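Structure first, commentary second.
A quick note: this is a predicted structure, and the numbers were derived from the prediction, not measured.
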Amino acid sequence: MADIFERLVKNYGPIGQHRERAHGYFAFPKLEGEINNRMIFRGKEMIVWSLNNYLGLANHPEVRKTDADASAQYGLALPMGARMMSGNSNFHEQLEAELAAFEGKEDAILMNYGYQGIMSTIDAVCGRHDIVVYDAESHACIIDGLRLHPGHRYVFKHNDIEDCEKQLERATALIDKQKAGGILVITEGVFGMAGDQGKLKEIVDLKSTYDFRLLVDDAHGFGTLGDTGAGAGEAQGCQDGIDLYFSTFAKSMASIGAFLAGPKVIVDYIRYNIRSQIFAKSLPMPFVIGNLKRLELLQTKPELKEKLWSNALKLQAGLKERGFDIGKTDSVVTPIYMKGGVEEATAMVMDLRENYHIFCSIVVYPVIPKGHIIYRLIPTAAHTEADIEETLKAFSETKSKLEAGEYKVEMIPDMAG
Ligand SMILES: Cc1ncc(COP(=O)(O)O)c(C=O)c1O
């Protein structure tokens with residue numbers, strides 16, 4: 001018989017295999033100091049482009065005060081137990097009501113985490129005869145939610161409406177044949193890696209031809225898109241066509257938790273049937289009260305979203321002017337596409353950090369095809385013109401070095417520690 005542990009340590013996986021040289025630097029880095037545009041990494045101040053603190057709320061004085069006051073008053077334990085058993089409170093219900101109103105939906109339910117929440121939503125909503133039609137570039141939490149789904153799932157090419165329609169035709173034909181089940185389409189408001197918005201409007205328009213319900217994970221659109229910040233549905237003028245609207249609090253809200261908003265009867269069904277919430281402790285009070293404050297600021301301080309967009313547009317225009325390929329982003333997420341190997345990418349990241357004091361994330365093979373590198377910059381309302389200028393200069397210089405082959409190294413630089 002094989003020993004499971006023996007197998008695990010033979011292959012640490014695509015990223016884990018580099019851990020001895022990468023740990024603490026390329027993977028699991030420790031950013032220190034207050035969450036802001038500049039933070040400390042290994043003793044040096046860096047301009048940070050890796051945090052989804054879109055509106056700069058993480059360190060907003062009113063947020064910090066509310067978090068501290070709520071922690072002092074209630075502690076981190078209250079309420080104990082799952083919502084259904086003993087863990088409910090007026091604050092939880094108030095936050096749900098405010099989120100529902102903000103999203104133009106009848107009701108909403110809180111979840112402890114976005115990842116677990118979306119998985120469990122798919123599990124609660126879909127039965128074995130139902131068919132899920134989903135975008136090929138869906139976030140890992142959607143893919144993992146599909147692992148819980150006992151029925152069929154049809155994937156459509158990323159943001160390809162023709163292919164989406166083809167999959168809807170297939171799904172409709174199978175449902176007609178089996179004389180049971182319905183269709184749930186799942187996509188995202190903003191795809192967090194490339195920054196392109198999901199084609200929500202076009203998908204909603206398909207409802208005139210096909211019968212389906214639509215679930216949208218708008219983790220990156222919530223707070224950043226739409227006139228009021230209600231997200232990608234609002235921005236595309238199709239919020240009413242989204243049956244289930246989902247977002248995490250881990251990005252614009254700079255907190256923890258998530259929510260799902262939709263029709264009252266369906267949210268009620270989910271409330272009584274979502275396993276990850278029924279069998280887990282509810283969100284602690286300071287998070288709920290802290291999220292109420294964040295939601296208030298998100299709604300009453302439009303200048304935060306304006307600053308975020310002004311920074312994002314300056315950064316994106318500056319990159320384009322300097323000949324960078326930033327793909328099809330139509331959100332604030334700013335990818336930079338380059339060519340090179342994993343080793344070269346890490347050498348460039350090291351140069352950016354050590355000599356230019358720029359901290360950003362990279363995506364390399366096997367997440368994307370071999371020979372490609374994506375640098376992913378997340379602008380926030382907390383960034384300044386000086387941050388953008390310094391970053392553009394740093395990227396121009398390092399791009400020239402990359403193209404001149406200056407980062408060609410045999411191995412990932414050994415930066416563990
Ligand atoms: C699209 C999307 N959905 C869900 C999640 C998970 O949210 P959480 O961090 O609250 O678990 C993320 C976070 O990375 C995300 O980008």
Check salt bridge (Lys or Arg N to Asp or Glu O under 4.0 Å) between [X] and all other residues, then give those that pass, not counting sequence neighbours.
X: Glu45; value: Arg38
X: Asp330; value: none
X: Glu403; value: Lys399

Could you report the tightest heavy-atom contact between [X] and [Y], atom names first, then the distance?
X: Ser86; Y: Gly81; answer: OG-CA, 3.5 Å
X: Cys360; Y: Phe395; answer: SG-CZ, 4.0 Å
X: Leu225; Y: Glu234; answer: O-OE1, 3.9 Å
X: Thr224; Y: Trp309; answer: O-NE1, 2.7 Å
X: Ala194; Y: Thr329; answer: O-CB, 3.6 Å
X: Trp49; Y: Asp387; answer: CZ2-O, 3.9 Å

Could you state the interatomic distance from [atom1] ([X]) to [atom2] ([Y]), rounded to the nearest 0.5 Å?
X: Ser50; Y: Phe41; atom1: OG; atom2: CZ; result: 10.0 Å
X: Tyr134; Y: Asp217; atom1: OH; atom2: CG; result: 15.0 Å
X: Met253; Y: Leu99; atom1: CE; atom2: CG; result: 6.0 Å
X: Arg147; Y: Arg153; atom1: CZ; atom2: CZ; result: 9.5 Å
X: Glu103; Y: Tyr245; atom1: CD; atom2: OH; result: 4.0 Å
X: Ile118; Y: Leu146; atom1: CD1; atom2: CG; result: 10.0 Å

Sidechain-backbone polar pair: [X] side chain, [Y] backbone, donor-acceptor under 3.5 Å:
X: Gln236; Y: Lys201; value: yes
X: Glu106; Y: Ala100; value: no
X: Ser252; Y: Leu55; value: no
X: Lys281; Y: Pro79; value: yes
X: Gln94; Y: Ser89; value: no
X: Asn88; Y: Arg83; value: no
X: Lys307; Y: His383; value: yes
X: Asp218; Y: Ala232; value: yes
X: His149; Y: His152; value: yes
X: Arg213; Y: Gly182; value: no

Answer yes or no: are there more than 12 heavy-atom neighbours, outside [X] itself, under 6.0 Å from its atom [atom1]?
X: Glu303; atom1: CD; answer: yes
X: His372; atom1: NE2; answer: yes
X: Ile35; atom1: CD1; answer: no
X: Lys207; atom1: NZ; answer: yes
X: Met85; atom1: CE; answer: no

Are the side chains of [Y] and [X] in contact, using a 4.5 Å heavy-atom criterion?
X: Ser276; Y: Asn112; answer: no
X: Arg294; Y: Leu297; answer: no
X: Ile256; Y: Leu283; answer: yes
X: His18; Y: Phe26; answer: no
X: Ile274; Y: Leu260; answer: no
X: Tyr407; Y: Met350; answer: no
X: Val204; Y: Leu214; answer: yes
X: Leu168; Y: Ile183; answer: yes

* Show your reasoning for whether side-chain hydrogen bond (donor to acceptor under 3.5 Å, both in side chains) applies to Asp135 and Ser138. => CA-CA 5 Å; Asp135 189 284; Ser138 293; 4.9 Å; no
* **Sidechain N-carboxylate O distance under 4.0 Å for Lys393, Glu397** => yes
* Asked: Is it true that Arg64 and Asp67 have a side-chain N and a carboxylate O under 4.0 angstrom from each other?
  -> no
* Set of residues satisfying side chain to side chain donor-acceptor pair (under 3.5 Å) with respect to Glu6, sequence neighbours excluded -> none
* Decide side-chain hydrogen bond (donor to acceptor under 3.5 Å, both in side chains) for Glu165 and Tyr210; before the verdict, give the C-alpha distance in whole Å, the side-chain angles of both, and the deciding distance to 0.1 Å. => CA-CA 9 Å; Glu165 185 161 5; Tyr210 303 91; 2.9 Å; yes
* Steps toward side chain to side chain contact (heavy atoms under 4.5 Å, CB included) verdict (Val349, Tyr375) -> CA-CA 9 Å; Val349 162; Tyr375 293 86; 3.7 Å; yes
* Can you tell me which residue pairs pass the salt bridge (Lys or Arg N to Asp or Glu O under 4.0 Å) test with a partner in residues 252-277, sequence neighbours excluded? => Glu96-Arg271, Asp107-Lys264, Asp107-Arg271, Lys264-Asp268, Asp268-Arg271
* Is there a salt bridge (charged side-chain N to carboxylate O under 4.0 Å, His left out) between Lys44 and Glu354 once you walk through the steps? -> CA-CA 8 Å; Lys44 288 184 186 149; Glu354 298 307 314; 2.7 Å; yes
* Asked: For Tyr115 and His139, what are the C-alpha separation, side-chain angles and deciding distance, and is it a side-chain hydrogen bond (donor to acceptor under 3.5 Å, both in side chains)?
  -> CA-CA 9 Å; Tyr115 200 109; His139 189 270; 5.8 Å; no
* Asked: Do Phe259 and Phe222 pass the ring pair (Phe, Tyr, Trp, His ring centres under 6.0 Å) test, and can you show the C-alpha distance, the side-chain angles, and the key distance before you say yes or no?
  -> CA-CA 11 Å; Phe259 74 98; Phe222 180 81; 5.4 Å; yes
* **Gln17 vs Asn11, side-chain hydrogen bond (donor to acceptor under 3.5 Å, both in side chains): CA-CA, chis, key distance, verdict** => CA-CA 7 Å; Gln17 64 176 319; Asn11 178 1; over 6 Å; no
* Asked: What about the rings of Phe287 and Phe249, do their centers lie closer together than 6.0 Å?
  -> no
* **All side chain to side chain contact (heavy atoms under 4.5 Å, CB included) counterparts of Ala70, not counting sequence neighbours** => Pro286, Ile289
* To do: Report the C-alpha separation of Glu296 and Lys293 in whole Å, then their side-chain angles, then the decisive distance to 0.1 Å, and conclude whether the salt bridge (charged side-chain N to carboxylate O under 4.0 Å, His left out) test is met.
  => CA-CA 5 Å; Glu296 176 202 316; Lys293 172 51 82 181; 3.3 Å; yes
